[in-house]
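All remarks here apply to the structure that follows.
By convention here, the first residue in the shown sequence is residue 1.
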Amino acid sequence: MKKLITISLLLALMVPAIAQDYDFEPEEKWTVKANAAYLPTVPILIDLFGGIFAGIAIGLNKDSNEMLDFVTPPYFSVEGLYSFNEDWSVGVSLGYCGTVFKTVDKDTREVHSTSAITLIPINVEGRLNYMNRPKCKLYGSLEAGAFLSFGSGDFQLVPDVQINPIGVEFGRRFFGSVELGIGMNYTGIRGGVGYRF
C-alpha cells in the first residue's frame, strides 16, 4: 500500500512537468464524474469493528452454533460540477456505501437473521484547480454535507466532511481521474471516469 501511495504522489507531482503549457478558455462548463473506492468509509469501519465484536460474542456462544458474516461493497459516488472559471468549480456529490450482516449456522450455512446498514452521503463540493490544461488537471477539493443512514428500521442524519488535497484528471471531454483523500466518505485513493460538456 505504501508503494502505491508513493507512486501515485510521484505521478501527481510529475504532471506539471509533462503537461504542455496552453492559454485557453475552457469551453466545457459542466463536469459529471463517477467514482469508486474500495477502502471502507469511517462509518462502515465503525460498523465493521462492532460486527467483529458481535461475531466474537456469537462465536463464543457454543449453544447457538452460529457465526457472523458481513459484506461491504465499495464506496460509489456520482458528482456534478459547474466551472465558474479556469480555477474554481462548485457542485454536488451523491454516494452510496453500506454493510450487510448475516447470522448463519456454522455447519449448514443457513441464514438465521440479516441486518443491513445503508449510508447515502449528500455533499456540496468546492474544487480549486492548481493546474488547468486541456488534457490534464491537478486539483484539490472539499466536500461537506450529511450522511443519510438507514438500518434496522431507524433513520439518522450524520455530518459528513471529505478533503481531497490531490486529484488528477487526464483526458479531454472523456477523462479518467485519481484522487487522494481523507474523510468520512473514504480514506486513501479513489478512481473515477467522467465527461465534460
Side-chain angles (χ1 to χ4, degrees), residues 1-9 32-80 91-125 141-168 176-194:
M1 186 63 163
K2 289 181 182 179
K3 289 181 181 179
L4 180 62
I5 292 171
T6 303
I7 290 169
S8 298
L9 289 174
V32 177
K33 184 167 61 168
N35 299 301
Y38 192 70
L39 295 175
T41 65
V42 171
I44 295 299
L45 285 175
I46 293 168
D47 292 340
L48 289 177
F49 286 126
I52 289 170
F53 291 119
I56 291 170
I58 290 170
L60 291 176
N61 185 357
K62 294 185 181 183
D63 296 334
S64 68
N65 196 33
E66 294 177 329
M67 61 186 261
L68 185 69
D69 280 345
F70 51 87
V71 177
T72 303
Y75 168 75
F76 292 103
S77 68
V78 176
E79 58 188 59
V92 177
S93 173
L94 175 68
Y96 165 80
C97 56
T99 306
V100 178
F101 298 98
K102 295 179 183 178
T103 305
V104 298
D105 188 280
K106 286 181 182 178
D107 300 325
T108 64
R109 305 296 291 171
E110 177 186 349
V111 177
H112 293 172
S113 67
T114 302
S115 64
I117 298 169
T118 302
L119 300 170
I120 299 175
I122 302 173
N123 294 316
V124 174
E125 180 178 356
S141 66
L142 172 67
E143 300 175 31
F147 269 109
L148 305 178
S149 173
F150 306 92
S152 304
D154 63 337
F155 170 77
Q156 293 180 345
L157 197 61
V158 180
D160 182 17
V161 176
Q162 177 72 36
I163 299 171
N164 306 315
I166 298 173
V168 179
S177 69
V178 177
E179 292 179 346
L180 177 66
I182 185 167
M184 296 287 284
N185 296 341
Y186 76 96
T187 298
I189 297 173
R190 76 175 170 181
V193 293

Subject >> salt bridge (Lys or Arg N to Asp or Glu O under 4.0 Å) involving Glu179 - partner list, sequence neighbours excluded >> reply: Lys33, Arg190
Original post:
OG1/Thr187 to CD/Gln162 distance, rounded to the nearest 0.5 angstrom?
Top reply: 6.5 Å
**OP:** With sequence neighbours excluded, give me every salt bridge (Lys or Arg N to Asp or Glu O under 4.0 Å) pair touching residues 159-168.
**Re:** none
Subject >> Which residues share a side-chain contact (heavy atoms from CB on, under 4.5 Å) with Pro74, sequence neighbours left out >> reply: Tyr38, Phe76
Subject >> Smallest separation among heavy atoms of Lys102 and Val111, with atom names >> reply: CD-CG2, 4.3 Å
Original post:
Partners of Tyr96 by ring-ring contact (aromatic ring centres under 6.0 Å, His included), sequence neighbours excluded?
Top reply: none
What donor-acceptor contacts under 3.5 angstrom involve side-chain atoms of residues 113-120, with partners at least two apart or in another chain?
unit_1: Ser113; atom_1: OG; unit_2: Thr103; atom_2: OG1; d: 3.2

**OP:** For the residue pair Leu148 and Leu157, establish whether any side-chain heavy-atom pair is separated by less than 4.5 Å.
**Re:** yes
**OP:** Kindly give the heavy-atom pair with the smallest separation between Ile182 and Asn164, and that separation in Å.
**Re:** N-OD1, 4.5 Å
Subject >> Taking every non-hydrogen atom, the tightest pair across Val158 and Met184 >> reply: CG1-CE, 4.4 Å
Subject >> Plane angle bin for Tyr186 and Tyr75 - parallel if under 30°, tilted between 30 and 60°, otherwise perpendicular >> reply: parallel
Original post:
What distance separates Ile163 CD1 from Asn185 CG, expressed to the nearest 0.5 Å?
Top reply: 11.5 Å
Subject >> Residues which pass side-chain contact (heavy atoms from CB on, under 4.5 Å) with Ser93, listed by chain and number, not counting sequence neighbours >> reply: Ser77, Glu79, Asn123, Glu125, Glu143
